[in-house]
Amino acid sequence: QVQLVESGGGLVQAGGSLTLSCAASGSIFSTNAMGWYRQAPGKQRELVADISTGGSTNYADSVKGRFTISKDNAKNMVYLQMNSLKPEDTAVYYCNRIIRTGSSVYSFGPWGQGAQVTVSS
C-alpha cells in the first residue's frame with residue numbers, strides 16, 4: 001500500500017514563504033494525478049492545487065498566483081511552494097492521489113499525517 005509523507009510545515013509570518021514536500025513510498029506520480037489539500041480547524045478539507053500526470057496544474061482561487069505545485073517523478077516527490085502567505089492559509093496540509101472528472105475531483109488512497117502550516121499576522 002502506498003504511503004504518503006508530508007513535510008516542510010512550520011510557523012511563518014504573514015508574507016513569508018514555505019515549501020511543502022510529499023514523498024511517496026512507490027513510483028506513483030508518473031501514473032497518478034496528485035493534489036494538495038488543506039484543513040483548517042473547524043473546516044472541511046479543501047483542495048488547493050493539483051497536478052496531472054502530464055504536468056498540467058490547477059489552483060483554488062484563494063491561492064492562485066501565490067502557490068505553485070510541482071513534482072519530480074524520478075524522486076517520487078510532489079511539492080507545494082507557498083509564497084505571500086496569509087493567516088488564513090493556516091491549516092494542516094495533505095497530499096493525495098486524485099481523479100479529476102470534469103469539474104469534480106476525488107481523492108483516493110490513505111491520507112498521510114499532514115504538515116502543519118501556521119501563519120502569524
Side-chain angles (χ1 to χ4, degrees):
Q1 181 168 321
V2 174
Q3 289 186 321
L4 300 169
V5 179
E6 301 88 351
S7 62
L11 173 64
V12 64
Q13 287 188 330
S17 298
L18 281 175
T19 299
L20 302 182
S21 300
C22 170
S25 59
S27 301
I28 64 170
F29 298 141
S30 61
T31 56
N32 289 272
M34 296 296 298
W36 277 100
Y37 290 76
R38 68 186 180 187
Q39 187 167 20
K43 294 188 177 181
Q44 287 189 331
R45 193 170 297 179
E46 62 171 345
L47 179 67
V48 296
D50 65 85
I51 186 166
S52 71
T53 54
S56 298
T57 58
N58 294 284
Y59 298 92
D61 288 343
S62 59
V63 307
K64 200 171 294 183
R66 300 188 297 119
F67 289 11
T68 302
I69 186 172
S70 61
K71 64 176 180 171
D72 186 329
N73 291 341
K75 294 183 179 179
N76 297 329
M77 298 289 290
V78 173
Y79 306 98
L80 186 68
Q81 172 69 42
M82 305 183 294
N83 298 325
S84 302
L85 283 162
K86 305 175 181 181
E88 51 264 43
D89 294 319
T90 295
V92 180
Y93 285 72
Y94 304 86
C95 65
N96 211 341
R97 290 174 285 181
I98 63 166
I99 293 175
R100 178 177 283 277
T101 58
S103 60
S104 298
V105 179
Y106 304 93
S107 64
F108 66 98
W111 295 94
Q113 84 289 348
Q116 175 70 50
V117 172
T118 303
V119 184
S120 63
S121 57

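Small disclaimer: the values here were computed from a predicted structure and weren't measured. For the numbers below, each heavy atom of this structure counts, side chains included, while hydrogens, waters and symmetry mates do not.
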Check your understanding: Stepwise, does the side chain to side chain contact (heavy atoms under 4.5 Å, CB included) test hold for Thr90 with Arg38?
Key -> CA-CA 9 Å; Thr90 295; Arg38 68 186 180 187; over 6 Å; no
Next item on the list: Return the orientation label for the Tyr93 and Phe67 ring planes: parallel under 30°, perpendicular over 60°, tilted otherwise.
Entry: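 Correct class here is tilted.
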Any sub-3.5 Å donor-acceptor pair from Gln113's side-chain atoms to Glu6's backbone N or O?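 The answer is yes, because a donor-acceptor pair under 3.5 Å joins these two groups.
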same_hphob_cluster([X], [Y]) at 4.5 Å side-chain heavy-atom cutoff:
X: Val2; Y: Met77; value: no
X: Tyr94; Y: Trp36; value: no
X: Val12; Y: Val48; value: yes
X: Val78; Y: Ile28; value: yes
X: Leu85; Y: Tyr59; value: yes

So, for [X] and [Y], which heavy atoms are closest and what is the spacing to 0.1 Å?
X: Ser121; Y: Ala14; answer: CA-CB, 4.4 Å
X: Leu4; Y: Ala24; answer: CD2-CB, 3.8 Å
X: Leu20; Y: Val117; answer: CD2-CG2, 4.0 Å
X: Leu80; Y: Ala49; answer: CD1-CB, 4.0 Å

Notebook entry, point to check: Which residues, ordered by chain and number, are linked to Phe108 in its hydrophobic cluster, where ILVMFWY side chains connect at heavy-atom gaps below 4.5 Å, directly or through other members?
Noted result: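 Besides Phe108, the cluster holds Ile99.
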Next item on the list: Could you work out the complete set of other residues in the hydrophobic cluster of Leu11, with links drawn between I, L, V, M, F, W and Y side chains under 4.5 Å apart?
Entry: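 Reading the cluster by chain and number, Leu11 sits alone, since nothing else belongs.
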Legend entry - Sole candidate of Asn58, Val63, Ile51 that passes side-chain contact (heavy atoms from CB on, under 4.5 Å) when paired with Ile69: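 Result for side-chain contact (heavy atoms from CB on, under 4.5 Å) with Ile69: Ile51.
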Measuring only between side-chain heavy atoms, which start at C-beta, is [X] closer than 4.5 Å to [Y]?
X: Met34; Y: Arg97; value: yes
X: Gln81; Y: Ser17; value: yes
X: Ser21; Y: Lys75; value: no

Pair Ser120-Gln13, side-chain donor/acceptor within less than 3.5 Å =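 Not at all, the side chains of Ser120 and Gln13 share no donor-acceptor pair under 3.5 Å.
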**Q.** disulfide (SG to SG under 2.5 Å) contacts in which one or both residues fall within residues 9-112, not counting sequence neighbours
**A.**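 Those involving residues 9-112 are Cys22-Cys95.
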Using the salt bridge (charged side-chain N to carboxylate O under 4.0 Å, His left out) criterion, which residues pair with Lys64? Sequence neighbours excluded.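 Lys64 satisfies salt bridge (charged side-chain N to carboxylate O under 4.0 Å, His left out) with Asp61 only.
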Residues two or more places apart in sequence or in another chain: which of them pass salt bridge (charged side-chain N to carboxylate O under 4.0 Å, His left out) with Glu88?
->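 Glu88: no salt bridge (charged side-chain N to carboxylate O under 4.0 Å, His left out) contacts found.
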*Hey, could you give me the CG/OH distance between Asp50 and Tyr37, rounded to the nearest 0.5 Å?*
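Going from CG on Asp50 over to OH on Tyr37, the span is 7.5 Å.
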Sorted by first residue and then second, give each side chain to side chain donor-acceptor pair (under 3.5 Å) pair with at least one member in residues 65-74; sequence neighbours left out.
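Those involving residues 65-74 are Arg66-Asp89.
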